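What you are looking at is a predicted structure, and each value in this text was computed from that prediction instead of being measured.
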Amino acid sequence: MQSGKMKAVMKKHGAFGAVLAEVPIPEIDKHEVLIKVKAASICGTDVHIYNWDQWARQRIKTPCVFGHEFSGIVEAVGENVSSVKIGEYVSAETHIVCGTCVPCLTGKPHVCKNTAIIGVDTAGCFAEYVKVPAENVWKNPADMDPAIASIQEPLGNAVHTVLESQNAGGTTAIIGCGPIGLMAVAVAKAAGAAQVVAIDKNEYRLALAKQMGATTAVCIEKEDPLKIVSALTEGEGADLVCEMSGHPSAIAQGLAMAANGGRFHILSLPEHPVTIDLTNKVVFKGLTIQGITGRKMFTTWRQVSQLLGSNVLDLSPIITHQFPLEEFEKGFELMRSGQCGKVILIP
């Protein structure tokens with residue numbers, strides 16, 4: 001069992017930024033495992049914490065180590081753990097669920113009423129070590145790149161968002177080409193969408209979207225996405241719209257571009273309540289709207305592993321930058337600028 005100190009990126013105070021600190025290596029309980037982190041990726045949620053925006057101020061308790069997307073090697077296991085062994089190469093489901101609420105008991109733990117999130121409600125992975133409950137561990141193939149292994153959790157969000165609807169042969173529109181949106185582009189293409197329309201204002205990420213398989217990339221500052229989707233679909237609209245941006249105007253456009261009888265999946269988290277035209281854009285269109293949270297545990301993880309293992313998905317273009325943990329500020333500034341894909345930190 002490890003003891004002593006480790007390097008970690010901490011949110012020490014309620015203000016912008018973070019610091020590199022030396023903190024105790026986590027002590028594990030009977031049902032937990034200690035993992036030596038090989039790679040950790042920066043998520044949009046981590047940027048919210050770094051920026052200390054309204055959501056972070058309401059949710060995060062300082063001081064804390066944050067970060068939740070990672071891969072690593074099991075260093076120690078609790079005395080009641082038999083499903084995981086020291087030396088295994090793993091990642092982790094980041095939602096810690098109670099197992100006793102109605103959603104958990106009826107096969108829907110991804111919407112557990114008592115969810116705690118690693119790196120948000122518990123100590124995170126921007127560190128040399130992280131501890132997680134044994135039931136949250138996901139075992140990786142030995143030859144998987146640690147950087148790729150670290151982004152399986154957000155890939156799970158993309159897989160959950162896209163594959164909740166079978167859209168082989170149809171048109172899928174992805175609104176918002178942040179890292180998860182870019183993954184959604186790749187998943188939609190791999191799932192057989194005839195057309196994948198990527199919509200954003202960031203030219204850098206639209207170029208990445210093309211690399212990931214988008215058949216059309218639309219810059220909203222130069223083109224009207226509604227007109228383009230209408231032209232591509234002979235006026236029918238997109239069969240599936242995946243909303244990844246969280247902008248009220250984009251949500252309104254997404255509802256408008258969805259085909260009658262189509263589906264509208266929302267992974268984004270708008271900062272404020274959004275007004276929509278339910279009568280004309282949802283009810284009369286017979287639209288199905290679904291909120292997407294996390295990953296189905298562990299159906300989505302199995303889909304992720306199979307998609308990666310079959311080489312149907314190539315996520316390497318998404319990983320644009322890697323830095324030592326000590327240079328975390330460079331990574332966060334890139335994420336804040338939007339001039340990057342996925343940024344990986346190496347402890």
Side-chain angles (χ1 to χ4, degrees), residues 1-14 18-50 52 55-81 83-84 90-101 103-104 109-138 149-154 156-157 269 293-295 297-298 301 325 328 345 347:
M1 188 79 68
Q2 289 289 327
S3 61
K5 300 285 188 178
M6 67 175 184
K7 294 178 295 185
V9 177
M10 288 196 71
K11 193 77 178 179
K12 276 199 170 182
H13 309 289
V19 298
L20 187 72
E22 194 173 75
V23 300
I25 293 174
E27 294 184 5
I28 57 173
D29 207 340
K30 295 179 180 180
H31 67 287
E32 294 176 324
V33 302
L34 182 70
I35 299 166
K36 184 174 178 59
V37 178
K38 294 187 72 172
S41 58
I42 300 176
C43 172
T45 299
D46 302 319
V47 178
H48 286 296
I49 296 171
Y50 190 84
W52 201 241
W55 173 85
R57 291 194 296 270
Q58 293 174 344
R59 180 67 182 270
I60 303 300
K61 295 180 180 178
T62 58
C64 67
V65 176
F66 59 119
H68 56 276
E69 303 172 359
F70 70 94
S71 63
I73 303 296
V74 176
E75 187 85 5
V77 300
E79 60 184 86
N80 290 349
V81 175
S83 58
V84 185
V90 301
S91 294
E93 163 59 47
T94 57
H95 287 188
I96 301 171
V97 300
C98 70
T100 58
C101 69
C104 282
H110 64 292
V111 287
C112 169
K113 291 184 175 181
N114 304 303
T115 300
I117 302 174
I118 295 168
V120 174
D121 305 299
T122 68
C125 66
F126 290 155
E128 294 180 272
Y129 296 90
V130 62
K131 69 173 183 177
V132 302
E135 58 265 30
N136 285 63
V137 169
W138 186 263
S150 78
I151 65 172
Q152 290 178 103
E153 193 260 16
N157 285 335
L269 302 174
T293 182
R295 298 137 303 279
M297 299 160 61
F298 280 85
W301 276 92
L325 186 67
F328 70 92
L345 301 178

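- With Phe126 as the fixed residue, the ring-ring contact (aromatic ring centres under 6.0 Å, His included) test singles out one of Phe70, Phe328, Phe66: Phe66.
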CA sep, side-chain torsions, deciding dist, call: Ile28, Val33, side-chain contact (heavy atoms from CB on, under 4.5 Å):
CA-CA 6 Å; Ile28 57 173; Val33 302; 5.7 Å; no
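- For Val65 against Ala8, the heavy-atom pair with the smallest separation is CG2-CB, 3.9 Å.
- When all heavy atoms of Ile73 and Lys38 are compared, the closest pair comes out as CG1-CD, 3.8 Å.
- Here the shortest heavy-atom pairing between Cys101 and Asn114 reads CB-ND2, 4.1 Å.
- Two residues are said to be in side-chain contact when any heavy atoms from C-beta on lie closer than 4.5 Å; Lys5 and Pro24 meet this criterion.
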side-chain contact (heavy atoms from CB on, under 4.5 Å) between His13 and Trp52: does it pass, once the steps are laid out?
CA-CA 10 Å; His13 309 289; Trp52 201 241; over 6 Å; no
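- In this structure the side chain of Arg295 reaches within 4.5 angstrom of the side chain of Glu93, judged on heavy atoms.
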Return all side-chain donor-acceptor pairs below 3.5 angstrom for residues 40-50, not counting sequence neighbours, or 'none' if the list is empty.
from  : atom 1 : to     : atom 2 : distance (Å)
Ser41 : OG     : Glu69  : OE1    : 2.5
Ser41 : OG     : Ser150 : O      : 3.4
Asp46 : OD2    : Cys43  : N      : 2.8
His48 : ND1    : Asp53  : OD2    : 2.4

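- Each of Thr115, Ile117, Asn136 was scored for a side chain to side chain contact (heavy atoms under 4.5 Å, CB included) with Ile96, with one residue passing: Asn136.
- Residues Lys36 and Pro347 form no side-chain contact, since every pair of their non-hydrogen atoms from C-beta on lies 4.5 Å or further apart.
- Atom-to-atom distance recorded for His31:NE2 and Lys131:NZ is 8.0 Å, nearest 0.5 angstrom.
- Among all heavy-atom pairs drawn from Pro26 and Leu34, the shortest one is O-CD1, 3.8 Å.
- In terms of heavy-atom proximity, Thr94 sits nearest to Glu153 at OG1-OE2, 2.6 Å.
- Rounding to the nearest 0.5 Å gives a distance of 8.5 Å between CD of Glu79 and CG of Asp29.
- Shown here are the side chain to side chain donor-acceptor pair (under 3.5 Å) partners of Arg59, two or more places apart in sequence or in another chain: Asp121.
- A donor-acceptor pair is defined here as one N or O able to donate and one able to accept, closer than 3.5 Å; no such pair exists between the side chain of Lys7 and the backbone of Leu20.
- When all heavy atoms of Ile25 and Met6 are compared, the pair lying nearest together is CG1-CB, 3.8 Å.
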